[in-house]
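Just the heavy atoms: all of them, side chains too, but no hydrogens, waters or symmetry mates, feed the values below. As the structure is a prediction and not an experimental result, all values here were calculated from the model. Within every chain, numbering begins at 1; the chains are lettered A, B, ... in the order of the sequence lines, protein sequences first and strands thereafter.
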Amino acid sequence: MRGSASLANVRLPSSGAPLQTERYDPSSFEERLAQRWEAERTSSLTPPAADTEHQGALDTFYALTMFPYPSGDLHMGHAEIFTIHDALVRHLRMTGHRVLNPMGWDAFGLPAENAARQRGADPKAWTYANIEEQRRTIVRLGYSFDWDTVLRSCDPEYYRWTQWVFLELFDAGLAYRREALVNWDPVDRTVLANEQVIDGRGERSGALVERIPRTQWFFRITRYADELLDGLDTIDWPDRVKNAQRAWIGRSEGAEVTFTTADDGTEVLVYTTRPDTLYGATYFVFAPEHPLVVARMAGDADYDAFREEVSRRSDVERLSGFGDEEEAAGARRAKRGMRLSFDVVNPVDGSVLPAYAADYVLMDYGTGAIMAVPAHDQRDLDFARQEGIEVRVVIAPDDGSTLDAATMTQAWSGDGTTVNSGPYDGLAWPETKRRITADLEAQGKGRATVNFRLRDWLISRQRSWGAPIPIVHCPDCGQVAVPREQLPVRLPDDLDFTVPGSPLDLHPTFKHDVVCPACGNEDAVRDVDTMDTFVDSSWYFLRFLDPTSEVHAWPRDAATHWLPVDQYTGGVEHAILHLLYSRFFVKALRDLGHLAADEPFARLLNQGQVIMGGKAMSKSLGNLVAPKAVYEEYGADTLRATMLFASAPEDDIDWADVSPTGMHKWLSRVWRLSVEHLARVAESGGAERVASGGEDAERALDVRRASAVAVEAAGREYAARKYNTAIARMMELTNTLNDVLRTGEAAPVERAVGESLRALLLLLAPIAPFLTEELWGRMGEAGSVHDQAFPVADPALLVRDEIEVPVQVNGKLRGRVVVAPGTDRDALEAAARIEVAAHLTGEVIKVVVVPDRMVNLVVRG
RNA sequence: GCGGGCGUAUCCCAAUCGGCAGAGGAAGGGGACUUAAAAUCCUCCCAGUGUGGGUUCGAGUCCCACCGCCCGCACCA
């Protein structure tokens, strides 16, 4: 409630001359404080490795933001993440936590090379200049990172250990090299991971991706598929991220079934999730690049042309042609296939199935060959109709409908009863599935298996601004690890970016200036690929534990204590790749004995995006608002508070809807209330003398109560990480103080006002660190406001003398009674009956009393 | 098609376990102060919670079905 009834609408003239007070001018102190904090390293925590004293303590907290890519100055998205994160960190510090709050840069990557190619910039100089620009902005905005533990993934001191991690995985058989059809980006001239291909185009370049064979390094993430899936149940992440990972891992249960060729009985394995529909198979499909097909169709010109045509397309393109537009038009792109020169025999009934090769079957999922059951699989039905192949119904739908094999256009994949399937007729399909699988297994013709959509992680990149893969290829010894003590394999400083292709490959000495570490063979060459930058970011949270160490990548003991990260804050765009890879690394490194945690990030917060007018901000749309423009006009505190007040952390912020001016107005009010208070105190010779004139007990109590309520409520909002409503609570307190001072003499409440303002500054400190620090000093308080304990409300001030309880009759509000808190049910009911007697026209058949909350009387008639 | 989320005042948004729909902000109208403007201050205006059912003494909140919008994923056998 704003003010008390006795004060409302009363305007008293203020005493004496108008106060001459200084206006809120952030530019007069923010930069000064930022520089001081940076110089004094006020937010630094001793690097954990050296800090054995606190390991094992319960009050430690590892707070982490996704480290930024240094593409230029900070943008609004960064400001959003860092502001949320910094409010969390500062609040935790004030509530007695020892917070590890490191900062680093994900500093390898393509834009540096593009800058080199386009503008002749040195990638290293370009990167470090951007990092310095971002670092200065971060300092300017008051984000309290620990500058003693900073790292950059492009530093040799860092990528030395990225290479070490690679070798650990290599030695464990988790890194391997094989030829694969890869996604080749013809513009960036590099290989892309499947995840980096969006709708058949390169994630960065937008170019149509081609498929070419190439020998590449992979990480065996599929070995952890099951654990990556199960582990999702143990972590506090947003459901949408967990679901995205579940879908990406794509676990399915089915069976491998052995078919045979009709001519010579060569065995062909098939993977199916629906072995219960085996009797409905009417044809058979191989991936065009299936080895059996390649062998049998050699020299067939049609086949060669077909295979060539299909192989140029990415998986995604082969499987798509089903985008929104096609779907809306009902015009899915046709599947491509060709009849092969042989047939295949179905093991359950000996029927002979025509064999096809088709683009909709992929070589690297399952076994690269399928049995086609058009009646119960839409893809097969589409192809069957296209090719005029027979359709055979083997499941009778549970919904009572009847499928007509001759005319159906929608495959039935729902529940149903098995029909036309010999001994299995009449069973519900899950039962059929179990029995057929068991029977096949008994006959040696099949077995139950589990399959994953997840593929191994392709990490080779034909780039030069990345961590070199620390392997030497020797004509005699094969792949040989560079000895650990020779790490890092350094990037040359003199790369030539004026020619297309890989500068590392083309470098005059990098590739050949090496001998085999095992046998000394001088014909050995270095691997000239670099690692996917997701490798760099899959373990950086470990390096923060001892970022300058030359003896280990991280200290095992510290990792045991600090992992998992307590809260990880970043954008939802990393829902799959970065977060899945990091989880894989932690599990693999755990199994190798380097740490104890099962998961890297216990809790994940995906902050919302900053958008503009409903659309993502972008340079091309011309609606970019830079943080710089905001803090130069209003100050860093206003930028921070605006971000936090605009929405809950996980909701998007539409910059068109928010108002830095409104927030600036409120901060100005906090400033004015504070400096006016100080001016009055100074004028009258100090707080003690102000109070000695006698305190207006009633008004002072109003102030103290309002303050206690704000402290209690804001504290709860902070704990729930809802900074928008925490700010609302502080605004209420500001309004109350304003009302009290406006409506009466200041002197009799000055002491209470001073107490409240100090509490307000403490509440506000995590959000507006500059303003609060400046005023804290002016209040004559010693030390930094950020070193103070977060305020706790005096419970006595939260107790109300009397409360108003609504009284309902038949659920409708009919009156209110004023009672003491804790009034018992009977007394409350009695008071309520009197209050609403006029409405109790019939017999009261039910009484609902919720003490201190409400009374509901249910009347018949 | 599948998954996740969101629909509350002119706008952005609050509302513990289901318990008085309005905390906070913005915009707008009126006013005070001022030579004027800015700033500041005061004041007013504004919804019954997307639609239809259900559960309940009581529903913004829970359940069902729809509508609309946003974000992922999507021919993985």
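- Among the atoms of the strands shown, only primed sugar atoms or phosphate atoms (P, OP1, OP2) are found under 4.0 Å from some heavy atom of A:Asn738.
- The C1' atoms of B:G28 and B:A74 are separated by 47 Å, rounded to the nearest whole Å.
- Judged by closest nucleotide on RNA chain B, A:Lys846 is the one of A:Thr367 and A:Lys846 placed further toward the 5' end.
- You won't find any donor-acceptor pair under 3.5 Å spanning the side chain of A:Arg240 and the base of B:C73, going by distance alone.
- For the pair A:Pro806 and A:Val572, nearest-nucleotide mapping onto RNA chain B gives the more 5' position to A:Pro806.
- Nucleotides B:G60 and B:U55, compared at atom P, are 16 Å apart to the nearest Å.
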Let me check I have this right: for RNA chain B, each base becomes ., (, ), [, ] or |, based on Watson-Crick or G-U pairs with both distances under 3.5 Å. What is the full string? (((((((..((((.....[..).))).(((((.......))))).....(((((..]....))))))))))))....
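- Comparing the P positions of B:A14 and B:C62 gives a spacing of 15 Å, expressed to the nearest Å.
- Rounded to a whole angstrom, the distance from the P atom of B:C17 to that of B:C71 is 30 Å.
- In this structure B:C17 sits in the syn conformation; its chi angle is within 90° of 0.
- Remark: the backbone N or O of A:Ile249 is not paired with any side-chain donor or acceptor of A:Arg453 at under 3.5 angstrom.
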Would you check, one step at a time, whether the test ring-ring contact (aromatic ring centres under 6.0 Å, His included) holds for A:Tyr283 with A:Tyr356? CA-CA 8 Å; A:Tyr283 65 101; A:Tyr356 290 78; 5.7 Å; yes
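- Straight-line distance between the P atoms of B:G18 and B:C63: roughly 10 Å, to the nearest whole Å.
- For the pair A:Leu232 CG and B:G3 P, the interatomic distance rounds to 18 Å; values are reported in whole Å.
- The nearest whole Å value for the distance from the CG atom in A:Asn810 to the P atom in B:U56 is 15 Å.
- Other residues, nucleotides and ligands place no more than 12 heavy atoms under 6.0 Å from the CD atom of A:Glu253.
- Looking at A:Met363 and A:Phe286, their side chains never come closer than 4.5 Å, going by heavy atoms from C-beta outward.
- Nucleotides B:A59 and B:G54 place their C1' atoms 11 Å apart, quoted to the nearest Å.
- The aromatic rings of A:Tyr718 and A:Tyr723 sit perpendicular, their planes meeting at an angle over 60°, well past the 30° parallel limit.
- Between the P atom of B:C41 and the CG atom of A:Asn735 lies a distance of 9 Å, rounded to the nearest Å.
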Going 5' to 3' through nucleotides 10-19 of chain B, assign each nucleotide B (protein heavy atom under 4.0 Å from a base atom), S (under 4.0 Å only from sugar-phosphate atoms) or - (no protein heavy atom that close). -SS-SSB--B
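- Between the A:Asn451 side chain and the A:Ser252 main chain, no donor and acceptor come within less than 3.5 Å of each other.
- Rounded to a whole Å, the CD1 atom of A:Ile249 is 14 Å from the C1' atom of B:C73.
- Among the protein residues, A:Ser252 comes within range of the sugar-phosphate backbone only, with heavy atoms under 4.0 Å from sugar or phosphate atoms but none that close to a base.
- The gap from the C1' atom of B:A15 to that of B:G24 amounts to 12 Å, rounded to the nearest Å.
- Distances from the side chain of A:Arg453 to the nucleotides B:C42, B:G3, B:C76 place B:C76 closest.
- Whole-Å rounding puts the A:Asp380 CG to B:C76 C1' distance at 13 Å.
- A gap of 5 Å separates the C1' atoms of B:A9 and B:C46, to the nearest Å.
- With its glycosidic angle more than 90° from 0, B:G53 adopts the anti conformation.
- The side chain of A:Met731 has B:G25 as its nearest neighbour among B:A74, B:G25, B:C41.
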Under 3.5 Å, which protein N or O atoms sit close to an N or O of nucleotides 37-40 of chain B? Give each pair with its distance.
none

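- The backbone N or O of A:Val819 sits nowhere less than 3.5 Å from a side-chain atom of A:Thr823 that would complete a donor-acceptor pair.
- A tilted orientation is assigned to the rings of A:Tyr360 and A:Phe383, their planes being inclined by 30° to 60°.
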